[in-house]
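Because the structure is a prediction, the values reported are computed rather than measured. Labels below follow one simple rule: chain letters A, B, ... track the order of the sequence lines, proteins then strands, and each chain is numbered from 1.
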Amino acid sequence: MNTELEKLRHSASHVMAHAVMRLFDNVKLGIGPSTEDGFYYDFELPEKISEEDLKRIAGEMEKISAGNLPFKKEVLKKEDALKEFKDQPYKLQLINEIPEGEEVSVYTSGEFRDLCRGPHMEKTSDIKNFKLTHIAGAYWKGSETNPMLTRIYGTAFFSEEELDDHLKRIELAKERDHRKLGKELDLFSIHGQEAGAGLVYWHGKGSAVRRVIENFWIERHLQNGYELVNIPHIARSNLWKTSGHLDFYRENMFPAMDIEQGEEYILKPMNCPGHIIVYKNTVHSYREFPIRWAEMGTVYRYEKPGVLHGLMRVRGFTQDDAHIFCRPCQLDGEIESILRFTVDMLSTFGFSKYEVFLSTRPEKHVGTDENWERAQDALKKGLEKISLDYKIDPGEGVFYGPKIDIKIKDSLQRLWQCSTIQVDFNVPEKFKLEYSAPDGSRKQPVMIHRAVFGSLERFFAVLTEHYGGRFPLWLAPVQAEIIPIGEKHFDYCIRLKEQMIKEGLRVEVNLKEEKLGKKIWLSRKKLVPYMAVAGDREVAEGTLSVRKLGEGEAGTVSKETFLKNLLREAASRSDSSVL
RNA sequence: GCCGGUGUAGCUCAGUGGCAGAGCAAUCCCCUCGUAAGGGAUAGGUCAGGAGUUCAAGUCUCCUCACCGGCUCCA
């Protein structure tokens, strides 16, 4: 299945490889596929190259394109192919992996010949609108144990307009980067050098957004039959031994703290054992089920230095976690209601498109095959019941159970993993959890682990990029800025601010001695949804001249009306004015 | 962890071996102002950290840390 665009991009990767072969000696070729956004080709090069070299390579590509060379396909016998590519170790490996009976084809364009399944464009001059974007290292065949090749990324389109649009979209994504907005809007900071990589400092403005998210989360959980619990951040290592974390999750855990003579404590990488401690504190009856315990639980995981990324990938983060204890017969119903609950909550934040994945048993796991089968079946049934389309991600489950991951699509059509639902028969077994069944016997409950936002840090980052920092009113760190025109209007503005703050709004006053135009410019830079200007006229009438971000002047209203309107809009949790 | 790049004032960045710079922000002064940046002055630096080469290092070399683009891994 090759679309025309994939054909174009794959052909572009050939032209790029062709150019690289012309410019460097002794190049070993890896693979050069098309991707969602463009294409790449992996090379083993005799020397280091940097982004500077991309211009040269692109220049050579222009020449090859202008050369108008046809792409010609040729089918070879396997032994002939092996002979022809004897100096290309990676190609040899690929040839040897082609199953018997499948054809071995080679594409030729000018003096460049490459092992390739095709298909291709007709000629090199079809590749006109391309751009080489960046360079990266990539393991051969994606395995850490293989040598690292140099990957050159590029993109190509049929028309110049499409290429420009694409490059503009990349620029837009850069503008919306949560790390950039985090600085500009004073939301958070990370101090890798001074205080530790991957550890987040939430500033006042970021915390304001976070608090709104948390309050909404608490409200919805209480309405949906959850109880909120709280657990400590460290626990003795024997707890993590029992749970299986020390055996199966150790590489992601910070080393144990030796507190007093041989008593080791461990910083929690997950919340589940803590909730299990609460469960085990008393005996439970089937009549209590389902028990739904939720917590914004902060966890710490050791992540390799190279994987850290803003708020998206950190070493300390807060999961909006919940554990549901129930009877096996309640499992389907619980999964279904969790899915509905999740989708409902996400839609409030403007996320209505998802991709859903069902991840199955990984290599490193606890528990029996039978338990894994049961858990997977339950998840499948839940998905089918609310007819959500999903894909299977083989071997991607957690060590204690399979999971459903919901990836949300943001306003730039990018996917982000947030929500997760995991069915677990294994940890209850390890901790010997019990409940009294209707017939008086002791049975083992099933446990569901689930998170809607996944990590608050990541969700906040996704939200920031989704809205490009222009948060809808209910989330905005500063909902309104009141701007006095001159010093004599300060009192009026300060009193109004105090009144609005008492009503629960987040409001600031700009008391700098600047001109109105500059104050408006500053407020716009901070992406504050509403500005309220007050001068002589407004003070005399008890009104405000209102400006709306992105829309400009919105007329004069009484300060009471302004306050009421803001309260109403914030309470609606609507994002319609933003997107 | 791996490949490549980067690290200079609070922020954005210039400075390729010879006196450490600009704009914005900050502070002070002038202007007292009506809807997208008024003017002036002042202050602000262990040039990420350490070692080395050199008469001389922000600049060259090595090590460490962090950050950026990817790979592997992942909420």
A:F349 and ring pair (Phe, Tyr, Trp, His ring centres under 6.0 Å): which partner among A:W416, A:Y467, A:F453?
A:F453
Between A:W372, A:Y249, A:Y400, A:F248, which is the residue that forms a ring pair (Phe, Tyr, Trp, His ring centres under 6.0 Å) with A:H365?
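Result: among A:W372, A:Y249, A:Y400, A:F248, A:W372 is the only option passing the ring pair (Phe, Tyr, Trp, His ring centres under 6.0 Å) with A:H365.
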Under a 4.0 Å heavy-atom criterion, the protein footprint on nucleotides 63-75 of chain B, written with B, S and -, is --BSSSBBBBBBB
Need one value for [X]: base, sugar-phosphate or nothing, where a base atom within 4.0 Å counts as base even if backbone is also close, heavy atoms only.
X      : value
A:K407 : nothing
A:K525 : nothing
A:K488 : nothing

If [N] has a Watson-Crick or G-U wobble mate with both distances under 3.5 Å, name it; if not, just say none.
N     : result
B:A26 : B:U42
B:A51 : B:U61
B:U16 : none
B:C31 : none
B:G69 : B:C3

[atom1] atom, [N] versus [M]: distance in rounded Å?
N     : M     : atom1 : result
B:G7  : B:A75 : C1'   : 29 Å
B:G34 : B:G38 : C1'   : 15 Å
B:A20 : B:C28 : P     : 30 Å
B:C67 : B:A48 : C1'   : 10 Å
B:A26 : B:G17 : C1'   : 35 Å
B:A43 : B:C29 : C1'   : 14 Å
B:U6  : B:G18 : C1'   : 26 Å
B:G23 : B:U16 : C1'   : 23 Å

Euclidean distance, atom [atom1] of residue [X] to atom [atom2] of [N] [Å, nearest integer]:
X      : N     : atom1 : atom2 : value
A:K526 : B:A37 : NZ    : C1'   : 14 Å
A:N146 : B:C3  : CG    : P     : 14 Å
A:E184 : B:C11 : CD    : P     : 13 Å
A:I152 : B:C3  : CD1   : P     : 18 Å
A:Y40  : B:C3  : OH    : C1'   : 15 Å
A:K512 : B:C33 : NZ    : C1'   : 16 Å
A:I520 : B:U35 : CD1   : C1'   : 3 Å
A:E44  : B:C2  : CD    : C1'   : 15 Å

Check: protein-nucleotides 30-32 of chain B nitrogen or oxygen pairs below 3.5 Å:
{"unit_1": "B:U32", "atom_1": "O4", "unit_2": "A:E513", "atom_2": "OE1", "d": "3.3"}

When you check the gap from the basic side-chain N to the acidic O, do A:E171 and A:K174 get nearer than 4.0 Å?
yes
For A:E214, is there an ion pair with A:R210 - N to carboxylate O distance below 4.0 angstrom?
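Salt bridge flag = yes for A:E214 with A:R210.
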Can you tell me if [X] uses its side chain to pair, donor with acceptor, with the backbone of [Y] under 3.5 Å?
X      : Y      : value
A:R315 : A:L199 : no
A:K268 : A:T298 : yes
A:D177 : A:E465 : no
A:Y492 : A:A540 : no

May I ask you to check if A:R361 and A:F399 form a cation-pi contact, with NZ or CZ under 6.0 angstrom from the six-membered ring centre and within 45° of the axis?
no
When you measure from the centre of the six-membered ring of A:Y40, is the NZ or CZ of A:R151 closer than 6.0 Å and no more than 45° off the axis?
yes
Below 3.5 Å is the cut-off: list the nitrogen or oxygen pairs between protein and nucleotides 43-46 of chain B, distance only.
none

Flag if over 12 foreign heavy atoms under 6.0 Å of CD, A:E251
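Result for CD/A:E251: open.
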When you look at CZ of A:R250, are more than 12 heavy atoms from neighbouring residues, nucleotides or ligands closer to it than 6.0 Å?
no
Students often mix this up, so state it plainly: with edges at 30° and 60°, are the rings of A:F341 and A:H221 parallel, tilted or perpendicular?
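Aromatic pair A:F341/A:H221 classed perpendicular.
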Is there a side chain to side chain donor-acceptor pair (under 3.5 Å) between A:R547 and A:S523? Walk through the geometry before answering.
CA-CA 10 Å; A:R547 281 187 73 102; A:S523 174; over 6 Å; no
Could you tell me whether the phosphate oxygens of B:A25, OP1 or OP2, come under 4.0 Å of any side-chain nitrogen or oxygen in A:K518?
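Yes, within the criterion.
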Is the phosphate of B:G10 approached by A:K183 (side-chain N or O, under 4.0 Å from OP1 or OP2)?
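False: A:K183 side-chain N/O out of range (4.0 Å or more) of B:G10 OP1/OP2.
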Counting distance alone, no hydrogens or angles: does the base of B:G34 have a donor or acceptor under 3.5 Å from a partner atom on the side chain of A:E538?
yes
RNA chain B: 5'-proximal contact among A:L149 and A:L522 (nearest heavy atom):
A:L149
